[in-house]
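Quick notes on the structure that follows.
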Number of protein chains: 2
Amino acid sequence: MSTPPSSTKARTTRHAATLADVGREAGVSAMAASAVLNGAKTSARISDETRDRILEAARRLNYRPNATARALTHRRMNTLGLATTLSRDELNQYFLEVFNGVIEAAAELGQNTTVFALPDWAQGAARIPQLCDGRIDGLILLAPLLGAEDARFLPDHTPIVSIHANVDFPGVINLESDEEAGAQAMVSHLLALGHRRILHLAGPSHSLGARRRVDGYRRAHELAGIEPPPDHVVVGDFNTESGRRLLTQWLQAHRGEEMPQAIFAGNDAIAMGCLDVLTARGIAVPQQVSLVGFDDTVLARAARLATVRQPLRELGQRAARLLVDSVDAKLGDAAPPTVTNLVLPTELVVGTTLGAPRSQPLRIE
Amino acid sequence: MSTPPSSTKARTTRHAATLADVGREAGVSAMAASAVLNGAKTSARISDETRDRILEAARRLNYRPNATARALTHRRMNTLGLATTLSRDELNQYFLEVFNGVIEAAAELGQNTTVFALPDWAQGAARIPQLCDGRIDGLILLAPLLGAEDARFLPDHTPIVSIHANVDFPGVINLESDEEAGAQAMVSHLLALGHRRILHLAGPSHSLGARRRVDGYRRAHELAGIEPPPDHVVVGDFNTESGRRLLTQWLQAHRGEEMPQAIFAGNDAIAMGCLDVLTARGIAVPQQVSLVGFDDTVLARAARLATVRQPLRELGQRAARLLVDSVDAKLGDAAPPTVTNLVLPTELVVGTTLGAPRSQPLRIE
DNA sequence: CTGAAAGCGCTAACAA
DNA sequence: TTGTTAGCGCTTTCAG
């Protein structure tokens, strides 16, 4: 009923109305229309009478501003980019948490977010310049596994913020959380509970975060004056499949020996893989083996996993805000952010997969 | 070492080099450069000699094509939009699964994906026209809670594909899965196991999907010739908090009566809320109460929840492909897709939260 | 084989 | 208060 009869034309019209069209319809210049409809900074004011004519014409023609044209003149798309690797096998919960923070903060600042899914960082680095081609105003690199030599791929003209970068890049603000402290706190907690044989299934050794978690594991032992058992740190990847594979292989290789009392997984996904293996073997968690993860993604919450919480959403929010500040600064609208590195604290999350060690050791079958 | 010494200039340069710059540097016109560097359809060929000069100049100036300028002439950004509501309280796993499919298929077709997070559909509908302003070539509406009257907000000039729409919009391709069949199959399975008092905690009644799941619940009972117990369908929202709240309230309202033998949650998030409540009350799943969800998100996989699998990733992939086809068609590059509606099958996933009913009924405390 | 000119839609600077 | 001009960076048409 309320739909005007004139709107019955077929969808998928070729073109939308332009400012020139509106101006013509209203009998004024395109720039008058621009001033009225898009708030362009014109030197003078428009009279109320012509303003109304323009608004009416715009409504009649169903005028919509064209974002690419505006971007061309303003040198700004009001869009942030978020580049990361997304496996097609497994959903990346780490990404989802950060992404939610980014998109939320970006929206509050009137910015859109486009996601660039790179197949991997080795290939992806070379593609970064192509992303910074005006379609985004700034780029967030999420957990980029890049080396110092990849700095050559970072373009001059686009502000960049990284989260959990592997190396410091000049001119790039990096955000991270204190992973070593978090890992150390968790392992210290395990040691305090009486666990002595703690198996650590780590992420890849070329990941700084993975190395820091190993450092935390070692440091907790040092602080407690305890020598970690040999061969209890294993390197793999940050996904569930790796957790399954690593634990299975490790248990096979150590058959007949004493079962670890606790497993400290490099992240929650790895922990989920461990849970699969333990469940399949009928090993009760935490009665027979304690299991803890890292990140506090939804995986941990769904499985009630003990874990180390990283403020992922907040990292995303802060990255977006700092990036928008950088973009504003580049365009001369504001002072650039002074911070170049931000480390947020981590926090222990005690789920139901963490208990005291058994009095008598279990044997690996 | 391999970094050229000329790259020591400060980051955040104001402008990138343009085609005109490259042309000047190479002593040719901008359009020759355009033809060589961006493959513009020029009427004639460029000689190898000038081509080399241009390539060399571009390399020297570090030329990068400007996406907004190209978009302005091509009328195409090579970017798809994905509009959905994202709560700031709870991560939307449904979104993540679909999004992964979209971004994957889009990337294969050389398209980027930008996500528009709407606060809610009631407000969001009016914002759709602003999204279709040239920054994206086509739009995917993810589970839009829109009514037929909202069709007026869908712009003429941007192809649109919806996933799990509530109503059919003219000219909009809709993709969905057979939710009623999935719900019916699950409830039939419960009935076949001997469950008779099955509590259904549904999604909101203005959601077509929620209603279809209720229909499936009813239909399964009909097919089995069983009258569903009274007051065993409760309407709420599609999130964990709603699951917690609904079940708590329901149990309070039905204190002293017989405990349901099974709970069929409207989606996995609701099921997670139920799991919280059951765990808190010390009710064992599935020994005392069976629990099943819907969607097969990562929540279900992490909690080993029985659920109804919707091919969410595939829905995302197909939506992206159909949308790109529509965009191509609009630009005259191809024939438009002939399909207007696509229904994919669902599938039962039997987790560990589903068992036979207890012989003697439990009382609600 | 190459260049000049015009235009995509919008906006800032300058005239009137 | 309004219009004219020029240009953002790129591409296509048409003339050389």
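Labels below follow one simple rule: chain letters A, B, ... track the order of the sequence lines, proteins then strands, and each chain is numbered from 1. Predicted model, so just to flag it, every value in this text is computed and none were measured.
- Between Thr50(B) and dC1(C) there is no side-chain N or O to OP1 or OP2 distance below 4.0 Å.
- Rounded to whole angstrom, the span from the CZ atom of Arg51(B) across to the C1' atom of dT2(C) amounts to 13 Å.
- Distance CD (Glu25(B)) to P (dG9(D)): 17 Å, rounded to an integer number of Å.
- Distance check, rounded to the nearest 0.5 Å: CG of Leu154(A) to CG of Leu141(A) gives 6.5 Å.
- Considering OG1 of Thr84(A) and CG of Asn92(A), their distance stands at 6.0 Å, rounded to 0.5 Å.
- Between Arg88(B) and Glu108(A) there is a salt bridge, since a side-chain N of the basic residue sits under 4.0 Å from a carboxylate O of the acidic one.
- Salt-bridge formation is not detected for the pair Glu25(A)/Arg53(A): no Lys NZ or Arg NE/NH1/NH2 atom is positioned less than 4.0 Å from an Asp or Glu carboxylate oxygen.
- How far CZ of Arg24(B) is from CG of Leu61(B): 9.5 Å, rounded to the nearest 0.5 Å.
- Straight-line distance from the NE2 atom of His74(B) to the P atom of dG9(C): 14 Å, rounded to whole Å.
- Contact annotation: Asn38(A) reaches the phosphate of dT11(C) (side-chain N/O to OP1 or OP2, under 4.0 Å).
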Between the protein and nucleotides 4-8 of chain D, which nitrogen or oxygen pairs come in under 3.5 angstrom?
unit_1 : atom_1 : unit_2   : atom_2 : d
dC8(D) : O3'    : Arg75(A) : NH2    : 3.2

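- Distance check, rounded to the nearest 0.5 Å: CD1 of Ile54(B) to OG of Ser34(B) gives 9.5 Å.
- In this entry the distance linking CE of Met77(A) with P of dG9(D) reads 15 Å, nearest Å.
- Rounded to an integer number of Å, the gap from Arg70(B) CZ to dC8(C) P is 19 Å.
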inquiry  = Arg76(A) vs Asp328(A), test: salt bridge (charged side-chain N to carboxylate O under 4.0 Å, His left out). Steps then yes/no.
reply    = CA-CA 10 Å; Arg76(A) 177 157 193 169; Asp328(A) 288 344; 2.6 Å; yes
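- Rounded to whole Å, the distance from CG on Asn78(A) to P on dC10(C) is 15 Å.
- Taking atom CZ on Arg53(A) and atom C1' on dT1(D), their separation rounds to 12 Å, with Å as the unit.
- Between Arg59(A) and Glu56(A) there is a salt bridge, since a side-chain N of the basic residue sits under 4.0 Å from a carboxylate O of the acidic one.
- Applying the side chain to side chain donor-acceptor pair (under 3.5 Å) test to residues at least two apart or on different chains, the pairs with a partner in residues 122-134 of chain A are Asp133(A)-Arg135(A).
- Between Leu19(A) atom CG and dC8(C) atom C1' the separation is 13 Å, expressed in whole Å.
- Across the helix from dC1(C)-dG16(D) to dA16(C)-dT1(D), the helix axis at one end is tilted relative to the axis at the other end by 50° (nearest 10 degrees, each axis from five pairs).
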